[in-house]
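Single-structure report; data block below.
For reference, positions follow the sequence shown, starting with 1.
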Amino acid sequence: GMRLPVDPTVRNERGARRSFRTLSTILLFAVTAFPRVSAQAVGLPFAVRYTTTTSARVFLNPTSPSSAVRNEYVTADGLYGVAAELQVPVTPELAFTLAVEYLQHVEEGDRPIALGGSLRTLPVRDGFVVIPVEIGGAATIPISDETFRLTMGAGVGATFLHRIQEIAGVGVTTEGTPVGYGIHVSVEFDFLLLSGVYGHVAARFRDPEVTVTTRYAKATTVHQGTTLVLPSEPMHTRVNVDGLSLSVGIAVDLHRLF
C-alpha cells in the first residue's frame with residue numbers, strides 16, 4: 001500500500017541503485033570489450049515475463065508554490081504486471097532491444113473523504129498504470145555452449161501514465177498524454193530448458209517521472225441516496241517509478257522455433 005517515506009530507507013535504496021548502476025556500467029563495458037566467446041549466433045530471442053517493481057513515489061501536490069509541499073510524497077509499494085522484449089542481433093554478442101511493460105498499482109476500499117465541508121466514508125479506487133516502452137542495446141555472454149546466457153543492457157525509454165481515481169464509482173478524465181522519459185540498466189539471465197526455449201530472469205533499474213492532470217468526469221453523483229458534489233478543480237499528480245524491477249518468464253529463440 002501507499003505509505004509515508006522513511007528517510008533512512010530511501011537513502012539506502014538510492015545508494016543501492018547508484019552502486020548497481022556503477023557496477024552495471026563497468027560490467028557492460030567489460031562485456032562489450034570482451035572477445036567473442038562463441039561462434040554461434042544468439043538467434044532472435046523473444047521474452048515474455050511476469051514483472052514486479054518494488055516501489056514508486058507519488059507526489060500529490062507537485063504544483064504547490066511551497067517547495068516543501070511539492071516534495072512531499074507517499075510510497076506506493078508493489079507494482080505488478082507483464083512485459084515482452086525482443087532482441088535483434090547485430091553481432092553474435094551484441095543486440096538491439098525493444099521492450100514494453102505494463103505495470104499497475106491500485107488500492108480500493110472505503111475511506112473517509114471530505115466533500116462539501118463534511119467527512120463521509122465512501123468507496124474509493126486510487127492508483128495508476130505505467131507503461132514503459134524502451135529501446136537499447138544488450139551484450140550477451142553465452143556460457144557452456146549457450147546452456148546459460150548472461151546479458152547486460154542499457155538504453156532509453158518513454159513511460160506513459162494512466163491515473164486511476166474513483167469516488168463512489170465516478171472516475172476522472174486525463175488532460176493530454178502524460179509521458180516521461182529516462183534511461184534504464186538491466187541484467188538478464190537465461191538457462192536452457194529445451195531446444196530454443198529458455199527460463200528467463202531479469203532485474204532492471206529505471207527512474208522516470210511522469211506528471212498527470214485529471215478532473216472528475218461528473219460534477220455530482222448519488223451514493224446511498226445522498227447527492228455528492230465532487231471537486232471541479234484540476235488535480236495534479238507526479239509519479240516517480242524509482243524501484244527495482246524484477247521479472248521471471250520464458251525466452252524463446254524465434255530463429256530456432258520457426
Side-chain angles (χ1 to χ4, degrees), residues 16-54 79-103 130-159 181-208 241-258:
R17 287 198 301 274
R18 286 195 296 267
S19 299
F20 183 88
R21 286 171 179 165
T22 302
L23 177 60
S24 297
T25 302
I26 295 171
L27 289 176
L28 183 59
F29 175 80
V31 170
T32 54
F34 201 83
R36 293 188 177 186
V37 296
S38 172
Q40 296 179 339
V42 171
L44 190 63
F46 177 74
V48 177
R49 53 196 181 226
Y50 169 80
T51 182
T52 177
T53 297
T54 55
L79 289 72
Y80 303 95
V82 294
E85 179 180 0
L86 178 67
Q87 295 185 13
V88 181
V90 178
T91 74
E93 290 82 36
L94 300 176
F96 170 81
T97 62
L98 172 63
V100 61
E101 193 165 333
Y102 178 98
L103 290 164
V130 290
I131 304 175
V133 179
E134 297 167 324
I135 60 174
T140 299
I141 298 180
I143 305 171
S144 303
D145 294 328
E146 295 193 349
T147 302
F148 301 96
R149 296 198 301 230
L150 173 67
T151 302
M152 303 291 298
V156 298
T159 298
Y181 303 93
I183 63 173
H184 67 270
V185 177
S186 65
V187 179
E188 300 177 6
F189 183 71
D190 300 300
F191 50 94
L192 186 66
L193 298 176
L194 50 92
S195 180
V197 179
Y198 294 82
H200 176 85
V201 294
R204 181 173 299 227
F205 279 108
R206 56 170 72 94
D207 197 20
V241 185
D242 63 341
L244 170 64
S245 175
L246 301 172
S247 306
V248 60
I250 295 292
V252 297
D253 189 336
L254 298 181
H255 273 171
R256 297 185 185 180
L257 295 184
F258 302 102

**OP:** May I have the step-by-step check of salt bridge (charged side-chain N to carboxylate O under 4.0 Å, His left out) for Arg204 and Glu101, ending in yes or no?
**Re:** CA-CA 12 Å; Arg204 181 173 299 227; Glu101 193 165 333; 5.3 Å; no
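- Residue Ile141 holds its CD1 atom at 14.5 Å from CZ of Phe148, rounded to the nearest 0.5 Å.
- Minimum heavy-atom separation, Leu103 to Gly81: CD2-N, 3.8 Å.
- A distance-only check finds no donor-acceptor pair linking the side chain of Thr54 to the backbone of Gly243 [under 3.5 Å].
- Inter-residue side-chain proximity for Thr52 and Leu79 is flagged as unmet; no heavy-atom pair is nearer than 4.5 Å.
- Separating the CG atom in Leu244 from the OG1 atom in Thr53 is a distance of 7.5 Å, to the nearest 0.5 Å.
- Between Met152 and Val187 there is a side-chain heavy-atom pair separated by less than 4.5 Å.
- Side chain of Thr51 to main chain of Val82: no donor-acceptor pair is present (N/O by atom type, distance under 3.5 Å, no hydrogens or angles).
- For Asp253 (side chain) and Pro45 (main-chain N/O), no donor-acceptor pair under 3.5 Å exists by modelled atom type.
- Taking 4.5 Å as the limit, every side-chain heavy atom of Thr140 sits out of range of all side-chain heavy atoms of Asp190.
- Under the rule for a side-chain contact (heavy atoms from CB on, under 4.5 Å), the partners of Val248 that lie at least two apart in sequence or sit in another chain are Val201.
- A heavy-atom distance below 4.5 Å is not found between the side chains of Val252 and Val48.
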